Every structure is written in C-alpha cells, then in structure tokens.
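Working notes, structure below.
To find a chain, count down the sequence lines: A is the first, B the second, and so on, and within it residues start at 1. Predicted, not measured: the structure shown is a model, and the values here were computed from it.
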Amino acid sequence: MERVYINKISDYVDKDVTIHGWLYNIRSSGKLMFPELRDGTGIIQGVVVKSVVPEKVWEDFSKLTQESSLKVTGTVTKHPKKEKVYELQIKDLETINISEPYPITPKEHGVEFLMDRRHLWIRSSKQAAILRIRNEIIQSVRDYMYNNGFILFDTPIFTPNACEGTSTLFATDYFDLGKAYLSQSGQLYAEAGAMALGKVYTLGPTFRAENSMTRRHITEFWMMEPEMAFYDIDDDMDLIEDFLEYVVQRVLKNCKDELEQIGRDVSALEKVKKPFPRVTYDQAIEILNKKDIPLIRMTEKGEEQIRPFPWGEDFGAPQEEAIVEEFDKPVMVHRWPAEAKSFYMKRDPENPKIALGVDVLAPEGFGEIIGGSQREDNFDELEKRIKEHNLPLEEFQWYLDLRRFGSVPHSGFGLGIERTVNWICNLDHIREAIPFARRPNRIRP
RNA sequence: UGGACAGUAGCUCAAUGGUGGAGCAUUCGGCUGUUAACCGAAGGGUUGCAGGUUCAAGUCCUGCCUGUCCAGCCA
C-alpha cells in the first residue's frame, strides 16, 4: 500500500493509501468512529464503520488514546458535506504505541502548563502551523540572500568582547583564556566578511542576558545580519524594503493553509509592498508632538511625563506604537540622535549629532524587527568612539584593521527572526515563535 | 529591576468568614455522520509555603515562593 502524507491526500481520491501518524482526537457514535489523524503535515478525519471493518480493527480503534501512534490504511474520499475536505474510509489499523493519558487535551490550558510541556505542545495544530511558517520565513530569507549575491558568512558564537556593552552578555569559562561571551551579534565579524566577499550575511542564534519579561523578548534568538560593502544608509533602506516585501509576500503565497489555520488576517500582510514609509527621527518627533505623546520617565516619585517629547531620547513601546499607527506598512525610522545609538554607527556628514541608523517598526504594534546602520568607516572617528564608550581598545584592533586596510563605506542590518514570526503570525507572545523559547525564568524543556 | 494581578482535582475555572463544586481528561456503559460531538455513571483534593487574626480561614492580615501582564532595555 502506498504511504502518503496528509498534505498530498487530494491527489489520491478514491485510492487506497496508508498514513503513518498519531491520533489527534476521536469521536465515536455507536457503530461509527471518527478518528482525527495527524502526521506532521496535516490532519485528516478517518471514518471507521463497525459493519465494514474486521472486528479486530474495530476493537483496536476502541483502545486508542489521544496521541497513540499508528499506521492506518483506507480509501480517500471527499467529505460528504465540506468542500475541499477529504476523509479516509478506514480498512485497516496497525497500532504502534498506545499513548499514556495525554496531558494536553483539546481544551484550554494556561501558558505555564503548556510551556512546561513545550515538547508536546508543538504537536498542536496551531503550534505546528507557526513552526511551518517559521521554516518558510527562514528559507525565504536564505533564498533572497542567495539569489541576490550575498554569501553566507557564519560568525562565531564564542566571542571575547561585547558589541554594545558587557552587561547584557552571558559569560562562560574558556580554558586558559579567561571569559568567553555568547555572541549578541555577528555584525562586527560580518563587516570583516563584507570587506572580503562584498555582500555577506550571517544567520544564527544570538544571546542577550537582558532580564526582559515582555511579549517581544527572549534571551536566545535567531538573527539574520547582512553586511554590504559600498552601501550607504539609503542603499541599506532600499535593501530592507525589497527584502521584507519578498519574505512577507512569499509566506503569503506558500503558507496559505497555515495562516488560515492560525486565524491570521492576511489583508494586513498583503499591504506589505514597496515603498515603505521612511521617517526621520525629527519627523517622528513631530508625529509624537502632534499626537501629544510624552516621554515617560520613572523617578523616585513615580511616573513623570515630559512633553513635548525631548529631542535626543530613544523611543519606547508607546512611542513606537504611536508612530506605527500612522501607517499600514513597516516604518523605517532613520537618522537618530547619535547619543542614543551604538559606537559603530557613522555620523551624518551634515549633522554630527545624528547617527546614520535605521529602525524598522513592524505594523500592528509588533515593534522593532530590524535595526541597521551605515557603519563608521573612518579610522580616527571609530577609535574615538570606542574610547568614548569605554570599550577595551585592544580587543577592537582587528575591527579597526578593517578601517586601516582599504576602508569603504558599508552598511548592514539585523533582522530578528522570532520578532518577524511574531508579526507575520500575529502571535500574542514571542515564546510561540521558536520551538523552545529561552526566557529569564525558563530554560526547560 | 519596578508596578499590577493571580495561585483551589491531571487541565480550565466556581465557592457571602460557616458541609470545597462544575466542565473537560481518565475508567465503565449508551448512541450509524461526529466536528473542542453528545447522554448516563464512577474514581479523583495537604485550597503554593510559613506564620497570624477568629468559635470558625480557600476566603482576612504579614512574609516568602511561583506565574502572568505592563514598563525599561533591545532584534
């Protein structure tokens, strides 16, 4: 008997097939049973008729519990009432394993209960659909880069130094060489790659020891960071919008079923087409003042609201939301106050108080998904910044070499994979955007 | 790290300071088109932990633990 997967079942109408999978749920009605089978690619309802199947098959089905594993043979038919839905008229059953009582029932559960059983929760249809969309997002990222001349350039995870300060780094012992830190960005190495290969990208896990308990933060997340020689900040933004449009439109095209399964309103995603709004920091401040959004600062007395929003302050969640509300596409906020940004960003030649950085805010309140910039390519300027930020100059000598030996203007950005999944899937929380989320209060399972 | 809220059966939740219940799950029985199927029955409890108030605490008070949400930080 031909073994088939459920997502290809429509090719086998009126044919006999075998499905290898698990029992997702079962409903019975006297002399009829309706087992729902899942095989990782989808779910199909089986029909077991007592008067049709051998007595042993009927008895074996009666013994099945949720998540029991099995091989089922039957004839594929169209659903009598539903369009484009198929059923399996069951003829035979081979039980592989009778599951112990399964903890995740088809009823409601709390997040802690589910996260404690994340290894089982991912079998649920919504979680499985999210992980399939994640797969499509990552594959489309790789394909975009490959098809546009970017070279995959893997950067190290053990690093000796901080990219943006040591307080958010996880430290570990490294033989006789003292401390090693888990990478929080591959950018500095990617810059070396860009000088060697022109356009590169790195895609891998990154680690931030931030005690952030929000729906947008995890301590271990995947980031895709392209770095391009001879790109300025405007080239960088051109790339961002072309790239993001490709990823979103491809997920829309290839993950129709999954998006429907998780109840995603795709009309919002369909609008993600070039061009995206480009808003300078100064223009963003104007939006905040027009909407009377203050800076909120925590003091000893409590909350303090400062209006109008003072120039130079970074935006928080309420500010980002107010800006994004104005548009129905990802918004690129660029040319930030240099004070609030990292040491490696190039200053605007027209205004030294401005850094040539860009943040991309996802629509629908999902926050920042991309942070990018044109990098400082002048040796003296960069060395000065490293000193100003009290970073260990010796550790950055190799990085400064990139400015000593044939320095060129270059730019790049970092895309948070889970934040992108969070947005595209319209999730309540980023913990569902990765198979096993790591958060300050969770390292298991 | 700060603020708000919560913790009762395997799960999701009820219970005026006065005998701790329901639905689902589990086990048993019934039902020939079910869709989180339905109907009947059974088993299932150290009310997060430690103190305190009270004749009496799941309920009120204090401390701790755990979790959730929000803020900051960031992708």
Regarding [N], can its base be found pairing with the side chain of [X] as donor and acceptor, where the two atoms are less than 3.5 Å apart?
X      : N      : answer
A/R419 : B/rC74 : yes
A/H109 : B/rC11 : no
A/T105 : B/rC24 : no
A/E112 : B/rU68 : no
A/H79  : B/rU34 : yes

Review point. When the distance from CZ of A/F207 to P of B/rC73 is rounded to whole Å, what number comes out?
Key: 24 Å
Review point. How close or far is atom P of B/rG3 from atom CD of A/E304, stated in whole angstroms?
Key: 18 Å
Would you measure the distance from the [atom1] atom in [N] across to the matching atom in [M] and give it in whole Å?
N      : M      : atom1 : result
B/rG2  : B/rC73 : C1'   : 13 Å
B/rG63 : B/rG3  : P     : 12 Å
B/rG43 : B/rG23 : P     : 14 Å
B/rU59 : B/rU47 : C1'   : 10 Å
B/rC31 : B/rU68 : C1'   : 42 Å
B/rU8  : B/rC55 : P     : 30 Å

Revision key, fill the gap. A/F113 has its side chain closest, among B/rC11, B/rA75, B/rG33, to B/rC11
Exercise for review: Would you indicate which nucleotide in B/rU34, B/rU68, B/rC24 comes nearest to any side-chain atom of A/K107?
Suggested key: B/rC24
Point to revise | Taking every non-hydrogen atom, the tightest pair across A/A362 and A/I369 | key: CB-CG2, 3.9 Å
Review point. Taking the six-membered ring of A/F113, is the NZ or CZ of A/R117 close enough (under 6.0 Å from the centre) and on axis enough (within 45°)?
Key: yes
Review point. Ion pair present between A/D116 and A/R442, side-chain N to carboxylate O less than 4.0 angstrom?
Key: yes
Practice item. Begin with the C-alpha distance, continue with both residues' side-chain angles, and end with the deciding distance and a verdict on side chain to side chain donor-acceptor pair (under 3.5 Å) for A/T75 and A/D16. Key: CA-CA 4 Å; A/T75 313; A/D16 284 7; 2.7 Å; yes
Practice item. Could you please spell out the steps behind the ring-ring contact (aromatic ring centres under 6.0 Å, His included) verdict for A/F150 and A/Y144? Key: CA-CA 9 Å; A/F150 288 76; A/Y144 181 91; 7.0 Å; no
Exercise for review: Find the partner of B/rG23: check Watson-Crick (N1-N3 plus N6-O4 or O6-N4) and G-U wobble (N1-O2, O6-N3) distances, both under 3.5 Å, and reply none if neither fits.
Suggested key: B/rC11
